[in-house]
Amino acid sequence: MSRRLPQIVCLLFGLIMFTLYFLDHPTAKQINTLILVDYWQIIFAFTLVVGVISFIRNHVTAISRGNDRLYRLLSLFGVVLMPILALIWGIKGDSPFMWVFENVQVPLQSTVFSLLAFFVASAAFRGFHARSGPAAVLLIAAFLTILSRSSLEGLLPDFIPDIAVWVRNNPSMAARRAILIGIGLGSLTTSLRVILGIERTWLGGEK
Amino acid sequence: MAISTITAGLLTLAILSFLYRDNPIYKVAESLLVGVSIGYFLVITWSTTLMDLLFIPLFSEHKISLVIPFILGLLMFGRFFKGTSHISRIAIAVLIGSGAGAAIPAMLNARTLQQISATIQPILLESGWLDISAIVVIAGVLSTLAYFYFSREHTGSFGWVAKGGTYFLMAFCGTTFGYTVMSRMSTFIGRMEFLLSDFLHLTQ
Amino acid sequence: MTKITSRHYVFAGLFAVVTVSMMLNYSPDTVVSAETQKMYDFVESLPAGSTLIISFDHEASSLPEIRPLALAVLRHAFRNDIKLIGTALLSEGTGVGYRLMQQTANEFNKSYGVDYVYLGFKPQYIAAILSMGESISRTYPVDYLGKTYSEHPMLKDIDTYNDIAGVISIADGSLTTHWIEYGNARFGVRISAALTAAMVTTYDPYLSSGQLEAIVGGLRGAAEYEKLLNIGGGGKRGMLAQTASHLYVLILVIAGNVMYFRRRSSGRGNT
């Protein structure tokens, strides 16, 4: 029963949501909104809270075992600090909560991301070699794109940006489109398998 | 200089120190980032969803219909205890079922049929010339699909078509790499702009 | 002591190239691409008083790239007296979006609730997009500032996608895909996007099929948009550094290949 009931609920919600896609009747719209806002979003928000609690539990356990104590304590400090700031001063406008977001989280996160510029440059030097036919195509396409998206218009012959645009809009787009179609068909069949109870991995291994 | 600029500047430098090697200053900044990000995420989710869509309507406006999603949400906490972890499956079933049900028409219509439809274009122009671009797109889509079709061995003429697909894929990966270079450089330039102008006052 | 490797030299080179080019304080001219022009024309074609949803579907990590793009699009919309509804489908976009809208609204003397409203974040993007198609007021009973939906004069006659001119998704990932596949395919709302450059090619098939109205991408896209608006901004300021860093990467690619082929011809390279 611990597996059968969730499967029935999954089938029921799957069929309802599938059917509602094709219905524009006001009652159908009300049911759709009810499921989307009152069920889907609210339950999803609870799963996010569960994830955060899980993170805290995991860190507390690791700290009690003495693993990376300082760093984990700092992470926990951050997790606890934000709700405290939000509770005392709120989250809007010029609150301390927003101050931490704008002056701690945003610079840290964007700088971590900016490190990728260095690794991309390093990869371009160490691994971007024309070892074979396809690798040469990769190299040429990348070279043309990088060159054409620099502000060198006056210095470059006109045909270089034109070729780069053509490559992007035709062979490159065609490959991406095929990937999209493949993912679309894959998602479609997986969704059907989930609703019909053929795909049950989401239930986990326990009985 | 404002305390906010000093804080942001020092944290930026702490992260950039990773370029030399992994070090304790970087790890401190990284750990702080993980914690603050999760804290921010928790607060925003709590205030904009659980408060606005559940707790205020349920407890202040007495919208009784919200009792069911509230209970379903609480079932998720069953995961923390061994004996009750299975009850969270019911709440997960609502998410999985709704997602799968909504995805079927969307995937079929927007991602598959409309994309196939956009591929099937006239290849002979009004002028009598062949539209090379349209032919390239059709060839690219078909050969790339062949490359990802693993139910048949990639030998003979099918193998040649699939091999052609790799060239189209490489054109896509190369173009994407080019744009990724642009993207990553932009992010770094953005951080340097902050460091050089706001933090160090070296540029205007 | 860490041994200095070729990787460190590559890093130091990039650092030097970007720093020096930024200190030169020079902005090269950029030619506007057809893609950016299309995006500009889309916003330009909207009559004054029409309403757009601007969705901040990005994380804080991409803010340095997203910021000039978002500011350019917001300035264009406010300049043309288009009313804006701000939303966020990723939590980190929430704070960023509010700040950017507030900043640009102040530049154009726009009033909150009359010219723009910031509704904020809702989780599970598919559910949020679909439910806004049925009822925006039901999805967002209160805005980011805690005011009820009905309090805002500009939202009086707006409740579904039928009441708005389109959505501009400012994104650094795949969220625009969901706007296309659920918002556009189900409800027919026009979708455009301001994207980080890394995501531009992902959306080419949608642009080609017409499911996506227009896109503007990356710092270069921001610079082009600023040129069309005849204003300065982060895009224009960063163009010299962007060009210099691109050339640096191209030099690295050439140098890497020269070394690789030399090694291969001498029988030391792995093929």
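These numbers come from a predicted model, not from an experiment. Protein chains get the first letters and strands the later ones, always in sequence-line order, with residue 1 at the start of each.
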Among [options], single out the residue with the greatest number of heavy-atom pairs under 4.5 Å to chain B.
options	result
A:Trp99, A:Phe22, A:Phe119, A:Phe55	A:Trp99
A:Leu108, A:Thr145, A:Leu48	A:Leu108
A:Gln109, A:Arg193, A:Gln41	A:Gln109
A:Val9, A:Leu11, A:Ile84	A:Val9
A:Ser110, A:Ala123, A:Ala86	A:Ser110
A:Thr47, A:Leu15, A:Val194	A:Thr47

Interchain contact, [X] with chain A, by part (heavy-atom threshold 4.5 Å):
X	result
B:Phe148	side chain
B:Ile104	both
B:Ser47	side chain
B:Asp52	neither
B:Pro24	both
B:Lys63	side chain
B:Ile116	both
B:Met76	both
B:Phe194	neither
B:Val43	side chain

Side-chain touch [X]/[Y], heavy atoms, less than 4.5 angstrom:
X	Y	result
A:Pro83	B:Leu42	yes
B:Arg184	A:Phe118	no
B:Leu11	A:Val104	yes
B:Val137	A:Met173	yes

*May I have the step-by-step check of side-chain contact (heavy atoms from CB on, under 4.5 Å) for A:Ile179 and B:Leu169, ending in yes or no?*
CA-CA 9 Å; A:Ile179 294 169; B:Leu169 276 169; 3.8 Å; yes

*Are the side chain of B:Arg89 and the backbone N or O of A:Leu203 linked by a donor-acceptor pair below 3.5 Å?*
yes

*Give a yes or no on whether the backbone of B:Ser31 and the side-chain of A:Ser75 come within a donor-acceptor separation of less than 3.5 Å.*
yes

Atom [atom1] of [X] with >12 non-hydrogen neighbours under 6.0 angstrom:
X	atom1	value
B:Lys163	NZ	no
B:Tyr147	OH	no
A:Phe77	CZ	no
B:Leu125	CG	yes
B:Glu153	CD	no
B:Asp22	CG	yes
B:Leu202	CG	yes

Contact winner vs chain A - [options], heavy-atom pairs under 4.5 Å:
options	value
B:Ile44, B:Thr166, B:Leu19, B:Leu142	B:Leu19
B:Val34, B:Leu108, B:Ile96	B:Ile96
B:Val36, B:Thr144, B:Ile3, B:Thr119	B:Val36
B:Ile68, B:Thr180, B:Thr48	B:Ile68
B:Leu54, B:Thr49, B:Thr5	B:Leu54
B:Ala118, B:Gly190, B:Ala103	B:Ala118

Is [X] close to chain B through its backbone or its side chain, or both, or neither, when contacts mean heavy atoms under 4.5 Å?
X	answer
A:Ile42	both
A:Tyr39	both
A:Tyr71	both
A:Leu76	neither
A:Thr19	neither
A:Phe143	neither
A:Arg57	side chain

_side-chain contact (heavy atoms from CB on, under 4.5 Å) evaluation trace for A:Gln105 with B:Leu33_ = CA-CA 6 Å; A:Gln105 188 177 340; B:Leu33 167 62; 4.3 Å; yes

*asked:* Nearest 0.5 Å, please: how far is CZ in B:Arg111 from CG in A:Leu185?
replied: 10.5 Å

*When rounded to the nearest 0.5 angstrom, what is the spacing between CG in A:Leu74 and CG in B:Leu32?*
6.0 Å

_Sidechain N-carboxylate O distance under 4.0 Å for A:Asp68, B:Lys27_ = no

Residue pair [X] / [Y]: nearest heavy atoms and the distance that separates them:
X	Y	answer
A:Ile35	B:Ser98	CG2-OG, 4.1 Å
A:Thr111	B:Arg191	OG1-NE, 3.1 Å
B:Ala171	A:Pro171	CB-CB, 4.2 Å
A:Gly184	B:Met107	O-CB, 3.7 Å
A:Val50	B:Phe80	O-CZ, 3.5 Å
B:Leu145	A:Gly182	CD2-N, 4.4 Å

*side-chain contact (heavy atoms from CB on, under 4.5 Å) assessment of A:Val120 paired with B:Phe177*: CA-CA 9 Å; A:Val120 162; B:Phe177 180 82; 4.1 Å; yes

*asked:* Regarding B:Thr175 and A:Arg168, do their side chains bring together a donor and an acceptor under 3.5 Å, going by distance alone?
replied: no

*asked:* Please evaluate residues A:Val52 and B:Thr45 with respect to the criterion side-chain contact (heavy atoms from CB on, under 4.5 Å), reporting the C-alpha separation (whole Å), side-chain torsions for both, the decisive distance (0.1 Å), and the verdict.
replied: CA-CA 11 Å; A:Val52 174; B:Thr45 304; over 6 Å; no

*So B:Phe70 and A:Phe46, would you call those rings parallel, tilted or perpendicular, with 30° and 60° as cut-offs?*
tilted

